[in-house]
Amino acid sequence: MNPLPANVTAAVAALPSPSSAWIYDPAVLAGRLGRLREALGGHTILYAMKACANPAIVATAAALADGIECASGGELRAATAAAATRLAFSGPAKTPADLTAATRTTTPLWMHAESMRELDGLAAAGYTGPVALRVNRGRALPGTHQMTGAPTPFGIDEADVPAAVDRALAHGLDLTGFHLHAVSNCLDAHAYTAHVHDALAWSRTAATRFDLRYVNVGGGLGADPRGDQIDLAALARGLKGIDTAGAELVFEPGRYLAAPAGWYTAEVLDLKTVQGQAFALVRGGTHHFRLPAAWGYSHPFHLVPGPRHEPPWTNVDLRVCGELCTPRDILNTGQPTPHIAVGDRLVFANAGAYGWEISHDRFLHHPAPQTLII
Ligand SMILES: *Cc1c(COP(=O)(O)O)cnc(C)c1O
């Protein structure tokens, strides 16, 4: 584990007790975006804001990326409020009100249509902006969430693409290309590179009745909450000189940009041993940070000592649980811990993507976590 940045340690130490908080550093996202831009060689980067929709993070992404990818009407409003200069709108099950909002927005917007019915809805709403068909095709890529390569509800089946092209053109929609988001948390740069090449080649063959101007390969660049990440140098080598035949090549990463920009911290309220297992019970838990429970892994933690009123426990294999009345409220099933006391703060790094955003904080009416921007 890398040590905690000094500004995070200082912010954690300054929290009022008993603390639980989300801490975001937009400068980390900015740095990450700069390195990704270099690796992708000038191709378009849209930030997928569902990974982390904290307003300071979205505002930074809106200023530094080429635009914001939204997956709901609510995200469309939030991205517009964050002064995004370009929007993309994906997501299954868009409502007629969503399509109307997309039609009325004054920010340039690229629509990713997920079904035939949505094409009809766009025409009915009077939408005149660019449209790409989201297509469910291709082999599954290595990663934690496969959107393609198996029956999933995303996009239009590959076999229906000719009919969807016909439908879009019959409606007079401005059909520009395809959207081929396939995976999340892909740590294999070689496989991801192959996905990009394959997406371009397939799009060329599928764009038979219109001019191909747009190929969106989706997100999925890996940044695992346990620390591994996709090899950017290998990705850069694989994409060097790629021929898009004049089409705009678009990436829409969420996780890769947001994961290292967020930390979750929770204070130890109690320590106990049950049947030989040492437990730390924290102010907070999986209702603030659901990712470890959702995926079933142990999230590594750092320790920032609090004001200690008792001698610390030493050299324990510590299981970290939250304040919920369920045995599933586990952040870490066991981490060797040299010293720990009530009042110490545990800090979970690499938590910025799909951390707070996917959490069920209503459960049990505990207080919400604080949010800090550093
Ligand atoms: C979630 C999502 C993304 C971002 O995926 P990451 O794995 O976070 O990079 C991009 N595009 C679409 C359509 C998505 O649903």
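Worth saying up front: this structure is predicted, and the values here are computed from it rather than measured. Just so you know, ligand 1 is whichever comes first in the structure, and atom 1 is the first atom listed for that ligand. Residue indices begin at 1 and follow the sequence shown.
- Judged purely by atom type and a 3.5 angstrom limit, D344 has no side-chain atom pairing as donor or acceptor with the backbone of V268.
- Checked by atom type and distance alone, the side chain of D329 pairs as donor or acceptor with a backbone atom of L324 at under 3.5 Å.
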Verify ring-ring contact (aromatic ring centres under 6.0 Å, His included) between Y264 and H299, making sure each step is shown before the conclusion.
CA-CA 11 Å; Y264 177 61; H299 199 108; 9.4 Å; no
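- Counting only N and O atoms by type, the side chains of E267 and S17 include a donor and acceptor under 3.5 Å apart.
- The 4.0 Å heavy-atom shell around ligand 1 contains residues A48, K50, E69, S90, R134, H179, H181, S184, G219, G220, E252, P253, G254, R255, Y354, ordered by chain and number.
- Classified by interplanar angle (parallel below 30°, tilted 30° to 60°, perpendicular above 60°), the ring pair H112/Y214 is tilted.
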Tell me which donor-acceptor pairs under 3.5 Å the side chains of residues 364-374 have, and how far apart each pair is, sequence neighbours excluded?
{"residue": "H366", "atom": "NE2", "partner": "E323", "partner atom": "O", "Å": "3.2"}

